[in-house]
**Student:** 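This structure is in structure tokens; I'll ask about it shortly.
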Amino acid sequence: MQAMIPSSYRIQKFIKETQDTFTIELKSIESKNGFTFEPGQFNMIYIYGIGEIPISISGDPNKSGILTHTTRAVGIVTKEMAKLKKGDIVGIRGPFGRPWPVREAVGNDIVIVAGGIGLAPLRPVIYHVLENREYYGRIILLYGARTPQDILFRKELEKFRSRLDIDIIVTVDRAIKGWTGNVGVVTTLIPRAPFDPINTIAMICGPEIMMRYTIIELIKRGLGKDKIYVTMERNMKCGIGFCGHCQYGTEFICKDGPVFSYKEIEHLFGKREL
Amino acid sequence: MKAFIVEEKNILNWLSKLLQSNIKVYVPKNVEDYSSYEQIEQIEDLVLHQKRPEFSFKNILFPQTESVLEYTIEKNWVKTNPDLNYNSTSEEKTIIFGAPPCDCASIIALNHVFLSEPIDIFYKSKFDNVYIIGLACTNPEPECFCTSVGSSMTSTKGSDIFLTPLSSKSNSGKEYLVEVITTKGMELLKDYELQVQKSNKKITKNAIEEIKRKHDSKYESQILPKKDFTQNNQTLSENFYSKDWEEIGITCFGCGVCAYVCPTCTCYDLVDEYESGCFRRCKNWDSCGFANFTLHASGHNPRPTQIERYRQRILHKFTYFTEQVGMTMCVGCGRCTKFCPVHKDIYEVRSRWI
């Protein structure tokens, strides 16, 4: 891997997920070795001639042949990405960053709390724990989306749910006709979620404000600060701790994160405009 | 490592030999209406004990703009320019001669950033070929405060070889204390033998210290009073929400000159350019003072105004970097104060929380 120079990947499949989110599946042009990563790591994705952005890997860490990214069309680069199709080329640098603590979580219950597109960086965790099911206790996914149409990976969530060895609870901010599930923010699901607070690792990804309230609820349930993990976001350029854009106090989110335990960043997390 | 006393003319002879052997030599030099480190072709172009240049030599190691990728887009294919295949042999040997200790010290901060894993190959290819010959400061400016960040007019930090002029007894033969600091410095002397035979006076450690103490005390009074900016970094973080920041930051208009003239500011942007069929990805200097530095695609900006941006600059230099690396990310050159259009004084700001 050359950390500063992108290598070319070709799009094998373009999947429209919801109205504004999509998944691309990529295969390396230059190498046959496949792409290995750990759940929670990200790549710098370069749209030639347009620009480069960090996007977490949303695929299965056990399938190294295909590299999967899911994102929402928001900025200049993602809006261009949304126009890509099968056969197009993108540049990839990575994988970068510290992963989710799936190894440390062995023997524990796992609570995954995701908001919106925040489910994408956590999907590799779900794949990993389901493939190594015997090493973990209860697995609970609490997922909040804006509306039922905005639920990401809906079919796959239904498939996971049918396994019966994972609890999936979904809530939406705004319901539509025909929705019989939960309505309300994802934090309302925490008090009744079936996990043992003494032996639980929580992994959270969503907007900062959602993560803040989720942490409060989890601590109320008795989780230790060192058992709660979040993934942070900042503008990034280099992805490897040089360019300074993602500096977060003493930490560089690209290099020291993006996954942090709440204990590590508690003193930074509450700071406004850091 | 090694130290001796050498006459000035011998140093100049040596440098002129280096010049003849196709080594690039940069020295502090006045160019039209500004001064910076400029390449010289002959020894006659060298003026010793110049005023400190307005720009540091940062751009030699970390250019203001630099191509990191060049390519053309063909049908379903991206063709990259293989000439940009960087390694240490692709750069020429370069000597930076006569740099003041503040600029030399900046190398240590730059190395901490760019030579940490996974190493910036663009920086390393240059650094490996750059030799720094520092010269004791004889022209301090009113904004200087190097003694407050753990340095001095004779500090050898960052230099491969360091020269201190001796207070001459006569005008005829000016002499220098030559200290060889690094193996790189040794290498320079080995390849191009410095003519030391005649004046190879043995010198003791005490004598070296005495020469430097004397030199320092001569100029110390010309710079800002010594304070300790290397300690108590926590006091800055503790005052994160101080009302002072508002007063300090409100007049900043984010021009970024402080970062551009700073020898240790390392933030960069990656920008795409296009010219007649060819795309370029450039590594350009950036500044945490710019409004879009932290701007997210969503429109959210974690540091929404100049108040937070200026605070970030100060905290990075004196708290975050110091906590991580054990030194300030500031060499006390005072350039940012000198060039700030609203006269924001870094020394004064840092002094508020000691």
Side-chain angles (χ1 to χ4, degrees), chain A residues 1-10 29-30 44 46-53 71-79 87-91 93 96 207-209 232-253 255-256 267-268 271-274, chain B residues 68-69 71-73 76-78 80 84-86 113-114 116-123 237 240-241 245 259 265-274 279 281 283 286-288 292-305 307-309 311-312 315-316 319-324:
Chain A
M1 180 198 70
Q2 171 53 267
M4 296 184 81
I5 310 294
S7 16
S8 293
Y9 279 66
R10 204 181 284 282
I29 294 174
E30 294 150 26
M44 296 302 297
Y46 185 39
I47 308 301
Y48 288 99
I50 305 290
E52 194 181 41
I53 47 161
T71 192
R72 193 151 65 96
V74 179
I76 296 163
V77 179
T78 46
K79 278 180 185 158
D88 287 344
I89 295 176
V90 300
R93 294 192 292 129
F96 298 134
E208 254 180 73
I209 187 79
M232 299 300 297
E233 265 194 315
R234 281 290 183 276
N235 185 14
M236 289 180 195
K237 292 289 178 179
C238 75
I240 43 184
F242 297 148
C243 79
H245 284 79
C246 69
Q247 192 168 33
Y248 185 58
T250 51
E251 314 290 322
F252 287 104
I253 287 178
K255 195 176 176 179
D256 305 312
H267 63 293
L268 303 172
K271 265 189 183 163
R272 292 186 316 271
E273 295 153 355
L274 180 64
Chain B
V68 294
L69 186 67
Y71 58 93
T72 50
I73 299 179
N76 260 339
W77 195 252
V78 173
T80 54
L84 282 181
N85 201 356
Y86 271 82
V113 175
F114 291 128
S116 59
E117 285 296 323
I119 295 170
D120 185 319
I121 44 171
F122 301 94
Y123 176 86
S237 323
F240 188 84
Y241 291 118
W245 290 116
C265 269
T266 50
C267 286
Y268 66 79
D269 197 2
L270 288 165
V271 176
D272 290 279
E273 287 181 0
Y274 176 77
F279 291 90
R281 189 150 179 74
K283 183 179 159 195
D286 205 345
S287 166
C288 56
N292 60 3
F293 190 76
T294 48
L295 184 64
H296 289 196
S298 65
H300 170 63
N301 197 337
R303 293 185 209 124
T305 74
I307 296 166
E308 299 83 34
R309 292 168 202 148
R311 178 178 63 194
Q312 162 67 16
L315 285 168
H316 186 195
T319 303
Y320 308 147
F321 194 78
T322 315
E323 264 178 47
Q324 299 277 296

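So that the names make sense, note that chain A is the first sequence line, chain B the second, and so on, each numbered from 1.
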**Student:** Consider side chain to side chain donor-acceptor pair (under 3.5 Å). Of N292(B), T294(B), D286(B), which one does H245(A) pass it with?
**Tutor:** D286(B)
**Student:** Does Y268(B) have K237(A) sitting over its ring (NZ/CZ under 6.0 Å from centre, angle to axis within 45°)?
**Tutor:** no
**Student:** Counting only non-hydrogen atoms closer than 4.5 Å, does R309(B) touch chain A with its backbone (N, CA, C, O), its side chain (CB onward), both, or neither?
**Tutor:** neither
**Student:** Taking the cut-offs as 6.0 angstrom to the six-membered ring centre and 45 degrees off its axis, would you call R281(B) and Y46(A) a cation-pi pair?
**Tutor:** yes
**Student:** With chain A, which of V113(B), V78(B), L270(B) has the greatest number of heavy-atom pairs at distances under 4.5 Å?
**Tutor:** V78(B)
**Student:** Using non-hydrogen atoms and a 4.5 Å limit, figure out which bit of F293(B) sits close to chain A: side chain, backbone, both or neither.
**Tutor:** both
**Student:** Please determine, among I240(A), L274(A), D88(A), the option with the most heavy-atom pairs under 4.5 Å with chain B.
**Tutor:** L274(A)
**Student:** Report the relative orientation of the aromatic rings in Y48(A) and Y71(B); use parallel for angles under 30°, tilted for 30 to 60°, perpendicular for over 60°.
**Tutor:** perpendicular
**Student:** Which bit of E52(A) is near chain B, if near means a heavy-atom gap under 4.5 Å: side chain, backbone, both or neither?
**Tutor:** both
**Student:** Tell me, for E117(B) versus chain A, whether the close heavy atoms (under 4.5 Å) come from the side chain, the backbone, both or neither.
**Tutor:** backbone
**Student:** Specify the closest pair of heavy atoms between G75(A) and A297(B), including all atoms of both residues, with the distance to one decimal.
**Tutor:** CA-CB, 3.8 Å
**Student:** Looking at L295(B), D269(B), N301(B), T266(B), which makes the most heavy-atom pairs under 4.5 Å with chain A?
**Tutor:** D269(B)
**Student:** Non-hydrogen atoms of chain A under 4.5 Å away: do they reach the side chain of S116(B), the backbone, both or neither?
**Tutor:** both
**Student:** Looking at chain A, which one of Y274(B), F321(B), F240(B) has the largest number of heavy-atom pairs inside 4.5 Å, strictly under?
**Tutor:** F240(B)
**Student:** So which of S237(B), P304(B), S298(B) has the largest heavy-atom pair count under 4.5 angstrom toward chain A?
**Tutor:** P304(B)
**Student:** Name the member of F114(B), Y123(B), W77(B), Y241(B) that forms the most heavy-atom pairs with chain A at distances under 4.5 Å.
**Tutor:** Y241(B)
